[in-house]
Each structure stands twice: as C-alpha cells, then as structure tokens.
Q: 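Take this structure, written in structure tokens, and hold onto it; I'll ask about it next.
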Protein chains: 2
Amino acid sequence: MWINNKFPFLLYCNCEVEYSGRACSILENGNYLILYKNDKSLVIHGGDKITPRNYQGKNSNLLVEGDYLISTNKSETIKIKVIHVLNYFRLANWSNNDTIMTKTEKELVNKIYENWYCYVGVKCEEVYKEYMTEHGPVDLLGINNNKYHIIEVKRRKCNLKDATQLRKYLECFENKLGYLAGPDISEKALKYLDKHGCKFISVDF
Amino acid sequence: MWINNKFPFLLYCNCEVEYSGRACSILENGNYLILYKNDKSLVIHGGDKITPRNYQGKNSNLLVEGDYLISTNKSETIKIKVIHVLNYFRLANWSNNDTIMTKTEKELVNKIYENWYCYVGVKCEEVYKEYMTEHGPVDLLGINNNKYHIIEVKRRKCNLKDATQLRKYLECFENKLGYLAGPDISEKALKYLDKHGCKFISVDF
DNA sequence: ATATGTATCTCGCTC
DNA sequence: GAGCGAGGTACATAT
C-alpha cells in the first residue's frame with residue numbers, strides 16, 4: 001500500500017475530495033497537499049490562499065479503503081479519492097511549539113487601567129478588569145460616585161459590531177456611561193456611539 | 001543555495017520565526033513546514049492545529065539573505081532563520097480549484113422566503129431578501145398592514161451575539177417584530193429574545 | 001481602496 | 001461538553 005499508518009505525514013497527490021457534515025462540499029479533481037498532524041487533525045491545501053480547502057479538527061480518524069482516504073470526526077466525513085501519489089513522507093519530529101504574541105488586547109486594557117484618568121477623564125474610586133456581568137465580562141469598569149464607566153477595548157479598528165457589543169453590556173447597569181476604546185474607529189460605529197451617548201477612546205501601542 | 005526562485009514550493013526545516021507587523025510574535029526553534037503558494041501567500045505550519053503558526057497574505061515578497069528567508073507584505077515582515085533543511089521540493093501544478101459548498105445560509109433564507117406563512121405565521125403583502133437599512137442589510141423583511149417582520153437567519157445554532165445583531169436592525173423600524181431563525185438556539189439567546197419581545201424560528205435543511 | 005458580514009470559521013477559556 | 005469572545009482572524013462581496 002502507498003500509505004502506512006505512521007503519522008504525522010504529508011501527501012501531495014492528484015485527488016478528489018467530498019465533504020459531508022455541518023455543511024457539504026465537493027473539491028474537483030486536482031493536485032492538493034494533504035497533512036495529517038500530531039494531534040490527528042487533517043488539512044487539505046490548494047495552490048493558493050492561507051486557509052485549507054478542507055479540514056478536520058483534532059482527534060479525527062483516518063483509514064484507507066482501497067484508493068480512498070476516509071476521515072471521520074463526530075458527524076463529519078471527508079472522503080478523498082487518491083488517483084495518483086506525487087509525494088509522500090513522514091514529517092518526523094514536527095514541533096508543536098506555539099507562537100508567542102505581543103501587542104495584544106490585554107496590553108491595551110492594562111494601558112488604560114494604569115492611566116485611567118488620562119484616557120477616561122474621570123477619577124474613579126474603583127477600577128476593575130474583566131468585570132463579570134449577566135452578559136459576560138466587561139473589559140474595564142470604573143465606578144465614580146455611583147456612576148458606572150464601562151469600556152470595551154479592541155486592539156484593531158473598532159466597527160459597528162463592537163459598538164453593539166458595548167451596548168449589550170450597558171444594559172446590565174443603571175447609572176452608566178459607555179466607551180469603546182481602540183486605535184481607530186469606523187464612521188458608522190462612531191455615529192452609533194454618538195446616537196447612544198457613548199464615547200470613543202483613542203488608544204494605541 | 002538550498003533554495004531556488006521557483007515556486008510554489010514546500011520546505012520542511014529546522015528554523016526559528018520572527019514576525020512584526022499588525023502584532024509581533026516569536027516562534028522558537030523547531031521543525032516546521034513552510035509553504036509558498038501560487039498566489040505568493042506564505043504559511044508556516046506546526047505539528048498540530050489547523051491554523052498556521054504564521055502566515056503572509058497573497059502577493060507577499062520572499063527573498064533569501066544568507067540563512068534567512070525574509071517575507072514582506074505591506075508593513076508586515078516575517079524573518080525565518082533556517083538552521084537545517086529536512087525536505088525541499090517544488091509543488092508542481094498545484095491546483096487552485098475552490099471547494100463548492102452547499103447547505104449555506106442563503107438556502108435557509110430561500111426556504112423561509114418560499115414558505116413564509118409556514119415559518120412566520122403571518123401573511124405579508126411584501127417580502128424582501130437582503131433589505132437594506134441604515135444598519136446594513138436584513139436577511140428577510142416582511143410587511144403586513146404596516147407592521148414590519150424582521151428576520152435574521154443563521155445556518156448554525158444561534159447565540160447571544162446573533163440576538164443582539166437582530167436588535168441592531170430592529171432599531172431601524174417603528175412598528176416591528178423581530179425573529180431569529182436557525183436550526184437551534186442557545187438558552188441565553190432565547191432568554192434575550194424573550195426579554196425583547198422577539199421570536200425564534202426553527203428552520204433546518 | 002474601504003467597509004461590512006460570514007465562516008464546516010478556529011482556538012482558548014470558563015462554567 | 002456547551003457557550004462565549006478574540007483573531008495579525010481570512011475571505012467574499014458591495015460600495
């Protein structure tokens with residue numbers, strides 16, 4: 001057989017792919033790159049784009065039936081008809097290290113937290129990070145004289161969706177003022193904030 | 001040199017990766033799989049997970065400087081220090097075909113559109129798909145006796161975010177009734193709908 | 001080019 | 001396991 005049960009492996013081949021599960025899809029005949037990883041996740045990459053043509057999450061099962069590779073995971077199935085193998089080898093000692101990120105949302109949250117008055121313009125007796133509400137945790141909450149200052153922080157340009165997310169949190173308080181904080185904001189989002197008496201805070205790295 | 005300027009190619013190697021751009025990241029030394037595709041996109045895959053450890057969008061530039069691979073795209077830079085090449089070859093005739101999907105949100109929208117009374121329970125003189133409002137297009141809008149029936153459709157289980165999205169659209173109308181439609185709904189989302197006088201419509205493939 | 005919304009989102013975290 | 005939010009989201013589409 002052209003495949004053994006050793007993994008992780010890489011298979012570059014001419015094939016066709018059928019998927020059925022949450023959705024359904026067909027990938028017509030062509031040359032694609034198939035990876036079966038350490039965590040038993042499966043990805044099928046085409047000649048362009050970053051995202052795979054098809055995939056299966058970790059702990060998927062893979063078995064060979066004649067010329068077919070059959071991948072199953074819960075109620076999702078991928079059927080690969082392998083017509084011609086172009087390249088096949090084990091990816092020995094493939095590393096599972098993760099990328100360590102900086103410039104995260106947490107950094108921006110801390111920046112506002114450490115320089116509260118500078119960004120919010122109101123001195124608060126109490127300031128909380130990740131304050132839990134009925135609708136989930138708010139990034140920042142400051143309390144001044146029984147008035148609640150609620151801040152939703154984004155590390156990228158804020159959009160309309162972010163503004164509505166803020167509003168969701170505002171519903172949890174009575175005497176309140178809402179803020180959306182980030183490096184930039186879209187016009188629609190700014191208008192929405194204005195309309196609902198909320199403010200935008202410009203904060204960057 | 002261990003690399004020529006032919007692409008698309010595949011490189012399995014021991015390396016370290018540094019990224020700087022919208023964010024910053026470091027990937028410590030290990031064995032990773034690097035793909036440079038037809039569209040000049042770059043992906044660096046680790047031994048687990050579906051998503052790449054690092055990537056560059058289409059039309060990125062790639063050049064070799066000694067032992068370093070330098071990828072640039074607009075203001076984003078990836079620097080790969082290649083310590084040892086484990087495998088390297090061209091991916092000749094790599095196909096750019098896309099997966100053809102079925103069971104999409106559009107199908108569900110059409111299903112409700114075609115069987116309006118069956119799902120909504122109200123006969124409407126006018127029914128529109130993708131009806132444009134100040135806050136963007138609503139999936140479905142039905143008008144009956146000057147009352148507006150607004151439906152937000154999801155192909156998967158509906159959540160709280162979906163319910164708040166619906167509410168955003170409702171702000172654009174006066175005499176209105178809101179609906180969230182999908183195969184299933186989370187408890188919190190259902191409670192939220194209830195609280196705001198909206199309904200859930202169960203629709204499936 | 002910018003803006004907006006979807007995704008078999010994926011992934012991590014919390015309950 | 002379900003639910004919720006972040007993401008250098010990526011990607012398609014409309015403007």
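The figures that follow rest on heavy atoms only: side chains count, while hydrogens, waters and symmetry mates do not. Just so we're on the same page: letters track the sequence lines, and every chain starts at 1.
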Q: Can you check the B/Glu105 CD to D/dC11 C1' distance for me, whole Å?
A: 15 Å

Q: Could you tell me whether B/Glu126 atom CD has more than 12 heavy atoms of other residues or ligands within 6.0 Å of it?
A: yes

Q: Would you indicate what B/Lys74 reaches in the nucleic acid, counting non-hydrogen atoms under 4.0 angstrom: base, sugar-phosphate, or nothing?
A: nothing

Q: Both A/Thr104 and A/Thr51 contact DNA chain D. Taking the nearest nucleotide for each, which residue is further toward the 5' end?
A: A/Thr104

Q: Salt-bridge test for B/Asp139 and B/Lys106: reply yes if a basic N is under 4.0 Å from a carboxylate O, no otherwise.
A: no

Q: Using whole Å, what does the distance between atom P of nucleotide D/dT9 and atom OH of B/Tyr19 come to?
A: 8 Å

Q: Check the orientation of B/His45 and A/His45. Use parallel for under 30°, tilted for 30 to 60°, and perpendicular for over 60°.
A: perpendicular

Q: Starting at NZ of A/Lys154 and ending at C1' of C/dT4, how long is that distance when rounded to a whole Å?
A: 16 Å

Q: Using a heavy-atom distance cut-off of less than 4.0 Å, which residues of residues 187-205 of chain A contact DNA chain C?
A: A/Lys188

Q: Please report the C-alpha distance between B/Thr77 and B/Tyr19 in whole Å, then the side-chain angles of each, then the deciding distance to 0.1 Å, and finally whether the side chain to side chain contact (heavy atoms under 4.5 Å, CB included) criterion is met.
A: CA-CA 6 Å; B/Thr77 305; B/Tyr19 158 73; over 6 Å; no

Q: Both B/Asp48 and A/Gln56 contact DNA chain C. Which one's nearest nucleotide lies toward the 5' end?
A: A/Gln56

Q: How would you label the contact of B/Glu152 with the nucleic acid (heavy atoms, under 4.0 Å): base, sugar-phosphate, or nothing?
A: sugar-phosphate

Q: Say you draw a straight line from OG1 of B/Thr99 to CG of A/Leu27; how long is it, rounded to the nearest 0.5 Å?
A: 6.5 Å

Q: Is the gap between the ring centers of A/Tyr12 and A/Tyr88 under 6.0 Å?
A: no

Q: Could you state the atom-to-atom distance from CG of B/Asp139 to P of C/dT6 in whole Å?
A: 7 Å

Q: Take the protein atom CD of A/Glu134 and the nucleotide atom C1' of D/dC4, then report the distance between them rounded to whole Å.
A: 15 Å

Q: For the side chain of A/Ile50, counting heavy atoms from C-beta on, which of C/dC9, D/dG7, D/dC11 is nearest?
A: D/dC11

Q: Between residues 156-172 of chain B and DNA chain C, which residues have a heavy-atom gap below 4.0 Å?
A: B/Gln165, B/Lys168, B/Tyr169

Q: Does B/Arg22 put a side-chain nitrogen or oxygen below 4.0 Å from OP1 or OP2 of D/dG7?
A: no

Q: Looking at residues at least two apart in the chain, or sitting in another chain, which of them share a salt bridge (charged side-chain N to carboxylate O under 4.0 Å, His left out) with A/Lys103?
A: none

Q: Check the distance between D/dA6's P and A/Leu108's CG and give it to me in whole angstrom.
A: 13 Å

Q: Would you kindly give the NZ-to-P distance between A/Lys103 and D/dG7, to the nearest whole Å?
A: 14 Å

Q: With 3.5 Å as the limit, what N/O pairs link the protein to nucleotides 12-15 of chain C?
A:
from: C/dG12; atom 1: OP1; to: B/Lys49; atom 2: NZ; distance (Å): 2.9

Q: Within the pair B/Ser186 and D/dC4, is there a side-chain N or O less than 4.0 Å away from OP1 or OP2?
A: yes

Q: Which residues satisfy the salt bridge (charged side-chain N to carboxylate O under 4.0 Å, His left out) test with A/Lys49, sequence neighbours excluded?
A: B/Asp98

Q: Exactly one of B/Glu105, B/Glu107, B/Lys129, B/Lys111 should register a side-chain contact (heavy atoms from CB on, under 4.5 Å) with B/Val153. Which one does?
A: B/Glu105

Q: Any Lys/Arg nitrogen of A/Asp184 or A/Lys154 sitting under 4.0 Å from an Asp/Glu carboxylate oxygen of the other?
A: no

Q: Would you kindly give the CG-to-P distance between A/Leu180 and D/dA6, to the nearest whole Å?
A: 11 Å

Q: Should B/Asp39 and B/Lys58 count as an ion pair when the cut-off is N to O under 4.0 Å?
A: no

Q: Going by the rule salt bridge (charged side-chain N to carboxylate O under 4.0 Å, His left out), which residues pair with A/Glu171 if we only count those two or more places apart in sequence or in a different chain?
A: B/Arg167

